[in-house]
Structure formats: C-alpha cells, structure tokens
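Notes to accompany the following structure.
Quick note: numbers below take in every heavy atom, side chains included, and nothing from hydrogens, waters or symmetry partners. Counting starts at 1 for both ligands and their atoms, following the listed order.
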Amino acid sequence: MSSQHYFSASPEGPFTRRRVEVTLDGRPVAVNTAGGIFSPEGVDKGTAVLLKHAPDPAATGNLLDIGCGWGPIALVLAMRSPEATVWAVDVNERSRTLCAENAAALGLSNVRVMAPEDIPSDLHFDTIWSNPPIRVGKQALHDLLEHWLPRLQPGGAAWLVVQKNLGADSLLGWIGEMLGGAAGEFRSDRAETSKGFRLLRIARS
Ligand SMILES: C[S@@+](CC[C@H](N)C(=O)[O-])C[C@H]1O[C@@H](n2cnc3c(N)ncnc32)[C@H](O)[C@@H]1O
C-alpha cells in the first residue's frame, strides 16, 4: 500500500499547516489541517452526518474517537461533554499533532490524543463516535472494530458513520456477528440514513 494514503503513520510531503474555517457544534472556529491527512479542506460529509444525527455523548466518563484525523469528532465530543475525557486515537502522527493543536487552541483540555497502542488496555468507553477508515481494507477495518467495540461500557453506545455504497450494510451484519449475535448484550442497527451515509448504532446493555 502506498505511503501516501491518509492513514499512513508518517505521511509523505512537507507538513505545511493550513488554516481552515469550519463550524463545529454550531460554533464557527478556525482549525489547522494539512496535506497527508483525511479531509484537510474541512468537515467531511460523512462526519457531518454523524455530528448532526448522533445523540449527545455521555456527559461524564470516557469517550472515544477512533481515527480522529484533524479532530472534528473529538472536538465536538469535548465541546458537548466538558466533564468527560475524550480519547482521540489515530495511526497518522500528523493527524494526532493537528488534533492536539486544535483542541488546545479551542481550550478543550479534556481531549487526550494518542497513538492507539498508548491507550490504557483496561479503559472502557461510555460513548464511541467514529468515521472509521473504510479504505484501509476489509480485514484491517474488521481488526480495528474488533479491538475497540467490545470495549464499550455496559450501557454505552458506539455511533459509526459509513458510506452506503462502501459496504455499510454488510459491515453492520459483520459487527452483529462479531459482537455475539442477536441474543447477546450488544445490539446493532441502522439509526439513520442521510446523504448516502448510514449511521450505525452499537449499544451495550
Ligand atoms: C475516515 S478518516 C476520519 C477522520 C476524522 N475523524 C474526520 O472525521 O475527519 C479515518 C481516520 O482513521 C485513521 N486510521 C486508520 N487506521 C487506523 C487505526 N488502525 N487506528 C486508528 N486510526 C486509524 C486514519 O488515519 C484517518 O485519520
């Protein structure tokens, strides 16, 4: 796989910051983005669907953004739940740098940006929001979700946005099986469809 993908650990090319005006949670803000990461021009359409339709995250506890990019999801989690700790993980180090800078510039001191392997292994999450990296390939995506989704707290929920024509429905079927089928403590369904994206909900009882 080329090292020029947005999910490379170390993107090629100069790390030149771009200042971009976006609206997060109804608030106009300027953020830093750069080439070599996902959606450097602003908030991705799928991410916007998640941010519009997912219900408020848990007010306290631990919240997770899987694959934070420059941070739109993690930043909104932190704005909506200032008392919670938001864990923002990404394999791409440039994304981590930008997400941390953006959180600091917005005064969101409850965001912790890390490489996935640095998250304490006993940590469980009250809310998970993610626009997952579909383009890493099916097996890598399955490995990623198999690593994080079982770490939902009882009573917690994950919200994943996936493009309909990039396999959202078959991914939902796989998630249901991976988490133990219909009789288990996890329930997964399609919560919303908007602008060609599915918003998948995975709830743990
Ligand atoms: C579709 S992008 C979403 C980025 C950002 N959350 C947004 O909404 O703009 C997916 C992100 O997942 C990251 N990623 C890829 N593989 C990963 C992995 N194994 N663990 C964590 N993040 C990963 C990519 O680098 C990318 O930033």
Side-chain angles (χ1 to χ4, degrees), residues 1-13 15 18 20-25 29 31-54 57 63-80 86-103 108 111-119 121 123 125 127-151 158-168 171 194-200:
M1 199 161 279
S2 154
S3 59
Q4 292 175 51
H5 288 291
Y6 67 75
F7 45 83
S8 301
S10 305
E12 285 178 355
F15 185 0
R18 234 187 263 178
V20 177
E21 310 279 334
V22 295
T23 300
L24 293 178
D25 216 23
V29 294
V31 293
N32 287 342
T33 75
I37 70 162
F38 180 77
S39 197
E41 66 286 348
V43 178
D44 167 68
K45 282 187 194 152
T47 298
V49 166
L50 185 153
L51 296 178
K52 180 166 179 199
H53 294 286
L63 319 182
L64 174 69
D65 174 7
I66 310 167
C68 60
W70 58 259
I73 294 175
L75 300 176
V76 171
L77 284 170
M79 288 173 179
R80 289 203 196 159
V86 177
W87 302 85
V89 300
D90 207 296
V91 287
N92 178 315
E93 62 179 6
R94 196 175 287 186
S95 292
R96 294 197 299 272
T97 299
L98 291 164
C99 183
E101 283 177 5
N102 290 330
L108 298 167
V111 178
R112 297 198 190 173
V113 186
M114 294 193 178
E117 61 273 20
D118 294 336
I119 296 274
S121 58
L123 202 60
F125 303 98
T127 303
I128 299 175
W129 282 5
S130 179
N131 180 348
I134 299 297
R135 295 186 191 278
V136 293
K138 194 166 161 181
Q139 191 55 53
L141 176 65
H142 287 182
D143 291 348
L144 180 72
L145 297 177
E146 204 162 1
H147 180 74
W148 294 110
L149 292 181
R151 291 171 67 176
W159 298 80
L160 309 179
V161 68
V162 181
Q163 210 170 313
K164 231 169 109 180
N165 65 10
L166 290 182
L171 183 66
S194 175
K195 301 185 174 173
F197 292 88
R198 299 274 203 224
L199 186 58
L200 311 181

Below 4.5 Å, heavy atoms only, C-beta onward: do [X] and [Y] meet side chain to side chain?
X	Y	result
Leu199	Trp159	yes
Ile134	Gln163	no
Glu101	Leu98	yes
Pro132	Val162	yes

Could you go through ligand 1 and note, for every N or O atom, any protein N or O atom closer than 3.5 angstrom, writing the atom names and distance to 0.1 Å, or 'none'?
from     : atom 1 : to    : atom 2 : distance (Å)
ligand 1 : 6 (N)  : Gly67 : O      : 2.7
ligand 1 : 6 (N)  : Cys68 : O      : 3.4
ligand 1 : 8 (O)  : Thr47 : OG1    : 2.6
ligand 1 : 25 (O) : Tyr6  : O      : 3.3
ligand 1 : 25 (O) : Asp90 : OD1    : 2.6
ligand 1 : 27 (O) : Asp90 : OD2    : 2.6

Query - Minimum heavy-atom distance Val20-Gly42, with the two atoms named - result: CG1-CA, 4.2 Å
Report task. Tell me, please, which residues at least two apart from Arg80 pass salt bridge (Lys or Arg N to Asp or Glu O under 4.0 Å). Result -> Asp25, Asp56
